[in-house]
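Scroll down for the structure; my scribbles are underneath it.
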Amino acid sequence: MLLFMFFLILQTLDSESAAAPKANCQINLDSTLFTNSSWLSPSGLFAFGFYPEGSDGFKVGIQFIESPSNTTVIWTSNRDGSPVSRNATLKFGQGGLRLFRATSQGEDQNIVNLDQTSSAHCASMLDSGNFIIYDSNSSVLWQTFDTPTDTLMVGQVLSINTELISSVSEMNHSSGRFRLLMQSDSNAVMYPVGTDDNAVNAYWSSETYLQGQYSNLNLSQDGILFITNYNQSQRKNLTQGDQSYNPNTLHLARLESNGMLYVYAYDLVKNTSAVLDKKPDDQCEVKGICGLNSYCTLSGGNHVCLCLPYFDKINDEDTQAGCQRNFIFSTCLGVGDKETYYNTMDYLENVQLLTEPLSPTETSTSKEDCRQSCLDDCNCDVAIYNEDYVSCSKQSLPLKYGSKSTDTKNIVFIKRTARKNTTAGGLDAVPSTRIKKELSGGPLIVFITVVSGLIIFILVLFFIVFKCQAGRYRMIWRSKELALTDEIAPRSFSYYELYEATEGYKEEVGKGAFGTVFRGTLPSTGMLVAVKRLEKVVE
Ligand SMILES: *[C@@H]1O[C@H](CO)[C@@H](O)[C@H](O)[C@H]1NC(C)=O
Ligand SMILES: *[C@@H]1O[C@H](CO)[C@@H](O)[C@H](O)[C@H]1NC(C)=O
Ligand SMILES: *[C@@H]1O[C@H](CO)[C@@H](O)[C@H](O)[C@H]1NC(C)=O
Ligand SMILES: *[C@@H]1O[C@H](CO)[C@@H](O)[C@H](O)[C@H]1NC(C)=O
Ligand SMILES: *[C@@H]1O[C@H](CO)[C@@H](O)[C@H](O)[C@H]1NC(C)=O
Ligand SMILES: *[C@@H]1O[C@H](CO)[C@@H](O)[C@H](O)[C@H]1NC(C)=O
Ligand SMILES: *[C@@H]1O[C@H](CO)[C@@H](O)[C@H](O)[C@H]1NC(C)=O
Ligand SMILES: *[C@@H]1O[C@H](CO)[C@@H](O)[C@H](O)[C@H]1NC(C)=O
Ligand SMILES: *[C@@H]1O[C@H](CO)[C@@H](O)[C@H](O)[C@H]1NC(C)=O
Ligand SMILES: *[C@@H]1O[C@H](CO)[C@@H](O)[C@H](O)[C@H]1NC(C)=O
């Protein structure tokens, strides 16, 4: 009786009363798991323990058991570590969970390392899919819901600055290539892994940027993914729910390896599953689904990655590897040498992409002018002509995030710069054969001597001129006689000068693929300037 009352008091005290810790605490201290066993939730739907990964390895995680033959991993510990062998064991002790890898060296590793002062007492695998370690006061010391991998369960919350990261594939649960981040600016956003949290990389968002104080991404009982603030006074539904919801349905949301977030409904009676909703709507919206210099297009419901004209796949099996030029590329060498080099252009329609613009977008040009302008500019790799904006932007490769979309009135011109076909060796033959023929024997030596002499002379001249110029600008700067020179002469600024001019990069006026443009004022002249801060390059 006394014991019973003790339980009652504990239950009312406990904020996590749904977990009913004492009653549910199935896993006691010093319990051990082998790779052939697991700790099941009361319903038997969830199992904490080893699951097979790789050819003959195991990882520790939580599986959702739809049926004995059909299981889904919803959480993985140490997902980027290597799998352990069949002889590995897992021990639950006061310090947490300890994995013994059972190699010849007898290595072990902590899955959960608990603070010594708050020691573990027991643990539970709950029917929600949450695995919890409790202390002797039945308060939660640690739970898997706090360390999500690629799956969000009902009742699990993705809080500020936490993210879901997709898995490599259905069979490999290591960290993959996409992430969904709950940002501190109230917005939940999907990005490719390894990119900055900024708009150019984002491919989906909850569209709640700086709206209210949204801080949690949550999945409701009826399968609606929603975003709320801390006291749930604000709420925005992000996906469609289950029309035919019944208590025998289990919902979960997963960021799949293809970068899309799916909400699934599992009917536990009929053993069927369905996709309730997915975000974004279209696979080609996922930035980074295709590699560099390729673009995504839909074909028969599936997405394919196609290379730009004049490009070939780097790896036929791996669409993410991207594409490379199928011709021998010459940079600006070709300019002015119309005899040796020639350029051709091909184009694509309705393709969206990201590259670094070479120069500000030109407006009020024609399609043909845009094409010609790139053709004539040896730094230009592609030109994007937009029919809606009547604008032309010349850009350099690599091309990123390419995707075909009928919403985009873009025409992308792609340039092929190649050496002319000379008699000896086909289209890309090195024209040195021609030079050799013209200058054989004695004259060649004379030619080389003269040319080297000339080059050295020019270099020295350049050096002297440059030194003088640099010195002059420096002197002008020092004497503050800037008024005229500043407008016409190029000069360099220190980082600090630019920092001052932009008041600490305060006012953003634009964003490019590799940097952000800020408004500034030169303190010396009061001249208005735009300062681009390279972000990727500095790294
Ligand atoms: C699981 O493996 C352990 C150790 O390898 C062994 O002692 C135990 O009998 C096995 N249990 C089952 C159910 O096969
Ligand atoms: C899973 O993928 C990662 C990254 O591609 C790779 O390093 C790892 O070896 C893979 N794991 C298995 C078990 O194949
Ligand atoms: C669904 O799966 C469970 C567990 O495997 C099984 O007991 C049940 O018979 C299955 N139901 C149907 C309708 O197949
Ligand atoms: C596992 O243990 C057994 C018995 O000790 C041993 O024969 C076997 O080689 C071990 N396997 C691995 C993968 O370490
Ligand atoms: C349990 O709660 C009591 C009373 O609040 C406290 O004194 C004690 O330190 C707690 N024990 C643990 C392990 O947290
Ligand atoms: C998340 O959703 C669950 C179920 O709808 C709800 O009980 C819980 O309070 C929500 N948590 C937050 C922080 O919104
Ligand atoms: C929730 O928090 C907001 C902002 O702090 C507050 O305005 C609102 O009254 C709160 N709502 C409830 C139901 O507590
Ligand atoms: C969001 O979904 C919940 C649960 O179905 C519903 O009660 C609520 O009205 C929805 N909110 C909006 C704004 O649609
Ligand atoms: C496993 O589940 C999936 C999705 O619910 C289903 O398509 C598939 O047929 C199932 N496989 C087995 C062997 O039950
Ligand atoms: C390049 O020149 C060679 C020799 O004249 C010729 O056989 C070949 O067809 C030419 N290639 C192309 C692409 O024109």
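Index from 1, following the sequence.
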Does Asp127 offer a backbone N or O that forms a donor-acceptor pair with the side chain of Ser43 under 3.5 Å? no
Do Asn350 and Thr406 have a side chain donor and acceptor closer than 3.5 Å? no
Atom CD of Glu207: over 12 foreign heavy atoms under 6.0 Å: no
Between Gln143 and Asn130, is there a side-chain donor-acceptor contact under 3.5 Å, judged purely by atom types and distance? yes
What distance do Gln109 atom CD and Arg98 atom CZ have between them, rounded to the nearest 0.5 Å? 9.5 Å
Flag side-chain contact, heavy atom, 4.5 Å: Val286 against Pro280: yes
Please check if the number of heavy atoms outside Gln211 that lie under 6.0 Å from its CD is greater than 12. yes
Please check this pair: side chain of Gln324 against backbone of Lys313, looking for a donor-acceptor N/O pair closer than 3.5 Å. no
Start with the C-alpha distance between Phe145 and Met153, add both sets of side-chain angles, then the distance that settles side chain to side chain contact (heavy atoms under 4.5 Å, CB included), and finish with yes or no. CA-CA 8 Å; Phe145 270 17; Met153 304 297 294; 3.7 Å; yes
Minimum side-chain heavy-atom gap Arg177-Ser257 below 4.5 Å: no
Quick one: are the Cys307 and Cys323 sulfurs under 2.5 Å apart? yes
To check you understand the geometry: which heavy-atom pair defines the closest contact between Leu164 and Pro148, and what is its length? CD2-CB, 3.7 Å
Please check if the side chain of Lys404 supplies one atom and the backbone of Leu298 the other of a donor-acceptor pair under 3.5 Å. no
Please tell me whether Cys296 and Cys290 are bridged, where bridged means their SG atoms are separated by under 2.5 Å. no
Would Asn87 and Ser85 count as a side-chain hydrogen bond (donor to acceptor under 3.5 Å, both in side chains) here? Give the steps. CA-CA 5 Å; Asn87 288 354; Ser85 79; 5.3 Å; no
Give a yes or no on this: more than 12 heavy atoms of other residues, nucleotides or ligands lie within 6.0 Å of atom OH of Tyr262. yes
Main-chain N/O of Gly212 paired to Ser186 side chain as donor or acceptor, under 3.5 Å: yes
In this structure, NE2 of His121 is separated from CG of Asn28 (nearest 0.5 Å) by 7.5 Å
Determine whether a donor-acceptor pair (N or O, by modelled atom type, separation under 3.5 Å) exists between the side chain of Asp277 and the backbone of Gln240. yes
I need the Asn237 CG to Phe226 CZ distance, nearest 0.5 Å. 7.5 Å
Regarding Asp185 and Gln183, is there a side-chain donor-to-acceptor distance under 3.5 Å anywhere? yes
Any side-chain heavy-atom pair from Pro83 and Phe58 closer than 4.5 angstrom? no
If you apply the rule side-chain hydrogen bond (donor to acceptor under 3.5 Å, both in side chains), what do you find for Ser396 with Asp381, and how did you get there? CA-CA 5 Å; Ser396 59; Asp381 295 323; 4.8 Å; no
Checking side chain to side chain contact (heavy atoms under 4.5 Å, CB included) for the pair Val112/Phe131: CA distance, chi angles, key distance, verdict? CA-CA 12 Å; Val112 185; Phe131 180 84; over 6 Å; no
Before you tell me yes or no, could you show the steps for Thr72 and Tyr266 under side chain to side chain contact (heavy atoms under 4.5 Å, CB included), namely the whole-Å CA-CA distance, both residues' side-chain angles and the distance that decides it to 0.1 Å? CA-CA 11 Å; Thr72 307; Tyr266 294 90; 4.2 Å; yes
Going by atom types alone, do Asn201 and Tyr401 pair a side-chain donor with an acceptor below 3.5 Å? yes
Are any side-chain N or O atoms of Trp75 and backbone N or O atoms of Thr147, one a donor and one an acceptor, separated by less than 3.5 Å? yes
Do Gln26 side-chain atoms and Met125 backbone N/O form a donor-acceptor pair below 3.5 Å? yes
On a heavy-atom basis, the closest approach of Tyr295 and Val351 is CD1-CG2, 4.0 Å
Would you say the side chains of Asn172 and Ser174 form a donor-acceptor pair under 3.5 Å? yes
Quick one: are Ile227 and Met182 in side-chain contact, heavy atoms under 4.5 Å? yes
Is there a side-chain contact between Val382 and Leu397, using heavy atoms and a 4.5 Å cut-off? yes
Arg79 (side chain) donor-acceptor with His173 (main chain) under 3.5 angstrom: yes
Salt bridge (Lys or Arg N to Asp or Glu O under 4.0 Å) partner of Arg179, the single match among Asp150, Asp197, Asp196: Asp197
Is there a side-chain contact between Tyr191 and Asn198, using heavy atoms and a 4.5 Å cut-off? no
Going by ring-ring contact (aromatic ring centres under 6.0 Å, His included), name the residues that satisfy it together with Tyr214, two or more places apart in sequence or in a different chain. none
Can you tell which of Ile27, Asp146, Val140 makes a side-chain contact (heavy atoms from CB on, under 4.5 Å) with Ile132? Val140
Just by distance, do the side chain of Gln283 and the backbone of Asn258 share a donor-acceptor pair under 3.5 Å? yes
Is it the case that Ser38 and Tyr51 place a side-chain donor and acceptor less than 3.5 Å from each other? no
Partners passing side-chain hydrogen bond (donor to acceptor under 3.5 Å, both in side chains) against His303 (at least two apart in sequence or in another chain): none
Just wondering, do Ser119 and Leu114 contact through their side chains at under 4.5 Å, heavy atoms? no
To the nearest 0.5 Å, tell me how far Asn216 CG sits from Thr228 OG1. 4.5 Å
Run the side chain to side chain contact (heavy atoms under 4.5 Å, CB included) check on Met190 and Lys279 step by step: do they pass? CA-CA 9 Å; Met190 291 189 211; Lys279 295 287 170 207; 4.0 Å; yes
State, with a plain yes or no, whether a side-chain heavy atom of Tyr264 is found less than 4.5 Å away from one of Thr151. no
Donor-acceptor pair between Ser167 and Arg254 side chains, under 3.5 angstrom: no
Could you walk me through whether Ser139 and Asn137 satisfy the side-chain hydrogen bond (donor to acceptor under 3.5 Å, both in side chains) test, starting with their C-alpha distance in whole Å, then the side-chain angles of each, then the deciding distance to 0.1 Å, before giving a yes or no? CA-CA 5 Å; Ser139 40; Asn137 286 353; 5.3 Å; no
Rounded distance [0.5 Å steps], CZ in Phe48 versus CG in Leu90: 6.0 Å
Calculate, to the nearest 0.5 Å, the distance between atoms OG1 and CG belonging to Thr239 and Leu261 respectively. 8.0 Å
Closer than 3.5 angstrom, by distance alone: can the side chain of Ser206 be matched with the main-chain N or O of Ala188 as a donor-acceptor pair? yes
Among side-chain atoms of Ser405 and Ser403, is any donor-acceptor pair under 3.5 angstrom? no
